[in-house]
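Note sheet for the following structure.
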Amino acid sequence: MDFAAELLKWYQQNKRDLPWRNTTDAYIIWLSEVILQQTRVEQGMPYFYRFLERYPDVNSFANAAEDDILKLWQGLGYYSRGRNMLKTARLVQQDCDGIFPTAYDELLKLKGIGEYTAAAISSFSAGEVRAVVDGNVYRVLARYFGIDEPINSTGAKKTFQTIATDLINKKMPGLHNQAMMEFGAMLCKPKNPGCGICPVRIGCYAFKHNATTYLPVKLKKLKVRERFLNYFLITDGDKILMNKRGENDIWANMYDLPLIETQTLLPANELFNLPETKEYFGSIINNTEILPVQKHILTHQRLYVRLIKLNTQPVKLEQKWFYTEVQNLEKLALPKIIFIFLKNIFNL
DNA sequence: AAATCGGGGCC
DNA sequence: GGCCCAGATTT
């Protein structure tokens with residue numbers, strides 16, 4: 001039996017029972033696939049259920065407000081996924097009569113759907129012969145065939161796509177795709193792969209050469225930026241001053257607090273003496289409480305975040321600032337670190 | 001072709 | 001602390 005056939009047999013005996021595998025509804029499969037982009041199954045699962053319950057079809061999704069989508073997406077990260085889904089849902093409602101496309105070429109035109117997701121939806125929902133290439137597939141193929149081309153290098157995408165396409169089962173492409181990914185996720189794991197019980201270890205390059213620790217090869221070229229965020233907590237009765245974030249930074253279109261960003265971690269007196277600080281908050285030396293700096297790690301940024309409680313009102317308001325009732329915070333999509341701050345203060 | 005976009009789990 | 005996760009978009 002060949003490689004692909006062995007994996008299929010393994011899959012049928014070992015697969016998890018995941019909710020999005022029991023449907024051919026392209027909307028439901030799209031929902032699951034976008035949620036699972038760069039996200040573990042266990043982390044995405046509760047979001048999948050919540051979204052499906054709140055938005056059981058593409059039309060209900062299309063009729064949502066962006067704030068609602070972002071709020072339901074809160075905590076999952078990579079928030080452009082949610083915003084792109086809303087654009088796509090509205091396009092499908094408008095141009096496709098609310099019928100979600102299942103053809104690879106049509107799917108590829110939609111916001112937030114790239115080659116992987118188009119292959120996944122088209123093969124799972126319509127049996128189109130399109131091989132998925134995700135992180136699992138990169139790893140399985142690199143190890144089994146002994147490919148040391150860095151998976152994040154220029155030509156790798158084409159190399160691995162060609163191999164994956166060559167392997168796909170044309171009778172049941174969806175099952176084959178599921179099998180490849182499940183095998184990578186459950187057995188051919190990044191660390192401590194289950195080579196001892198692997199059904200294809202006899203033909204596996206990495207097993208034969210004891211190479212699972214360095215395959216797949218990946219170039220590390222990550223530049224991490226350090227940022228220092230000084231947030232100001234300003235209340236007025238039962239209201240709190242919030243800020244709506246812009247489009248071109250982390251947490252796009254989400255809500256945080258009035259913010260002064262600095263290039264270093266400034267002592268309190270230096271922060272308060274900045275022209276920008278004085279412009280918005282005047283002299284605030286004597287009525288503040290500064291919470292300890294929290295380190296917040298993102299993929300490309302190390303954030304040093306602290307909260308400064310003011311007992312006075314700002315002398316100038318920014319356009320994007322607005323007062324809202326504390327009770328209304330449950331409707332606003334908050335970045336994780338902001339949610340933690342406000343949760344601790346207001347018992348959200 | 002490279003940079004950017006979150007948050008969490010594992011080692 | 002580094003790596004990875006059912007990647008896509010922007011520059």
Side-chain angles (χ1 to χ4, degrees), chain A residues 11 15-16 18-21 29-48 70 73-85 87-88 107-121 123-124 130-140 150-158 160-161 164 174 176-186 188-193 213-214 216-225 227 245 247-254 295-303 333-340:
Chain A
Y11 175 69
K15 66 178 176 180
R16 291 169 290 181
L18 302 178
W20 44 85
R21 284 181 177 156
I29 293 168
W30 167 68
L31 185 60
S32 70
E33 289 301 336
V34 177
I35 285 175
L36 291 174
Q37 287 168 5
Q38 293 292 286
T39 303
R40 286 209 187 67
V41 166
E42 301 75 35
Q43 189 187 1
M45 186 94 72
Y47 288 84
F48 171 77
L70 288 175
W73 205 275
Q74 178 177 298
L76 193 57
Y78 284 167
Y79 297 94
S80 65
R81 289 182 290 173
R83 298 190 293 124
N84 284 333
M85 287 187 88
K87 293 177 189 168
T88 286
L107 291 163
L108 209 47
K109 299 174 187 170
L110 302 173
K111 281 286 186 190
I113 299 182
E115 291 181 29
Y116 163 77
T117 306
I121 298 174
S123 65
F124 299 157
R130 297 282 182 175
V132 295
V133 180
D134 73 333
N136 292 306
V137 176
Y138 276 122
R139 185 170 56 256
V140 171
I151 60 175
N152 56 342
S153 67
T154 306
K157 177 79 179 173
K158 180 174 280 186
F160 285 87
Q161 184 71 61
H176 169 89
N177 281 336
Q178 295 280 10
M180 290 286 296
M181 292 192 286
E182 187 78 339
F183 180 75
M186 303 297 292
C188 196
K189 297 177 292 184
K191 292 182 179 175
N192 302 323
T213 53
Y214 77 85
V217 175
K218 190 173 184 180
L219 303 172
K220 44 183 171 186
K221 44 185 175 183
L222 199 61
K223 283 189 295 186
V224 178
R225 182 160 62 117
R227 300 176 70 177
R245 297 181 60 82
E247 294 271 6
N248 299 321
D249 197 358
I250 55 172
W251 308 324
N253 291 8
M254 296 174 72
K295 189 193 262 192
H296 189 68
I297 304 296
L298 306 179
T299 301
H300 292 83
Q301 302 184 22
R302 260 202 304 272
L303 305 180
L334 308 172
K336 191 67 166 182
I337 184 71
I338 300 298
F339 179 73
I340 292 172

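Below, read A as the first sequence line, B as the second, and so on, with proteins coming before strands; counting in each chain starts at 1.
Note on Arg21(A): a base of the nucleic acid sits closer than 4.0 angstrom, heavy atoms only. Within the 4.0 angstrom heavy-atom criterion, only backbone atoms of the sugar-phosphate kind lie near Lys295(A); the bases stay farther away. Residue contacts shown for Trp73(A) are absent, as no nucleic acid heavy atom lies under 4.0 Å away. At the heavy-atom level, Gln301(A) lies under 4.0 Å from the strands shown only through sugar-phosphate atoms. Note on Ser32(A): nothing from the nucleic acid sits closer than 4.0 angstrom, heavy atoms only.
Map Asn248(A) and Asn136(A) each onto its nearest nucleotide of DNA chain C; the residue landing nearer the 5' end is Asn136(A).
Between Trp251(A) and His296(A), the ring-plane angle classifies as tilted under the 30° and 60° cut-offs.
Between the P atom of dC4(C) and the CG atom of Asp134(A) lies a distance of 14 Å, rounded to the nearest Å. If you measure from atom CG of Leu219(A) to atom P of dA3(B), you get 12 Å, rounded to the nearest angstrom. Leu36(A) places its CG atom 15 Å from the C1' atom of dA8(C), with the value rounded to the nearest Å. Nucleotide dT10(C) holds its P atom 9 Å from the CZ atom of Arg83(A), rounded to whole Å. Look at CD on Glu115(A): it is 13 Å from P on dG7(C), rounded to the nearest Å. When rounded to the nearest whole Å, the span between NE2 of His300(A) and C1' of dT10(C) equals 13 Å. Going from atom NZ of Lys218(A) over to atom P of dG2(C) covers 14 Å, rounded to whole Å. As rounded to whole Å, 12 Å separates atom C1' of dG7(C) from atom CG of Asn84(A).
The side-chain hydrogen bond (donor to acceptor under 3.5 Å, both in side chains) check on Gln43(A) picks up nothing, with sequence neighbours excluded. Applying the ring-ring contact (aromatic ring centres under 6.0 Å, His included) test to Tyr11(A) and every residue at least two apart in sequence or in another chain returns nothing. In terms of the ring-ring contact (aromatic ring centres under 6.0 Å, His included) criterion, Phe124(A) has no residue partners (sequence neighbours excluded). Considering only residues two or more places apart in sequence or on other chains, Thr88(A) meets the side-chain hydrogen bond (donor to acceptor under 3.5 Å, both in side chains) condition with none of them.
Remark: the separation of the C1' atoms in dC4(C) and dC5(B) is 16 Å, to the nearest Å. Look at the P atom in both dA8(C) and dG8(B): the space between them is 22 Å, to the nearest Å. On the C1' atoms, dA6(C) is 23 Å away from dA3(B), given to the nearest whole Å.
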Query raised in the report: Taking protein heavy atoms under 4.0 Å as touching, what does nucleotides 6-11 of chain B look like 5' to 3' if B marks base contact, S marks sugar-phosphate-only contact and - marks none?
Result: BBBB-S
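In terms of heavy atoms, Val132(A) sits closest to Asn177(A) at N-OD1, 3.2 Å.
A donor-acceptor pair is defined here as one N or O able to donate and one able to accept, closer than 3.5 Å; such a pair exists between the side chain of Tyr47(A) and the backbone of Gln74(A).
Residue pairs meeting the salt bridge (Lys or Arg N to Asp or Glu O under 4.0 Å) criterion with at least one partner in residues 29-38 of chain A, sequence neighbours excluded, do not occur; the list is empty.
The side chain of Leu18(A) lies closest to dA6(C) when the candidates are dA2(B), dA6(C), dT10(C).
Regarding contacts with the backbone of dT10(C), a side-chain N or O of Lys111(A) is found under 4.0 angstrom from either OP1 or OP2.
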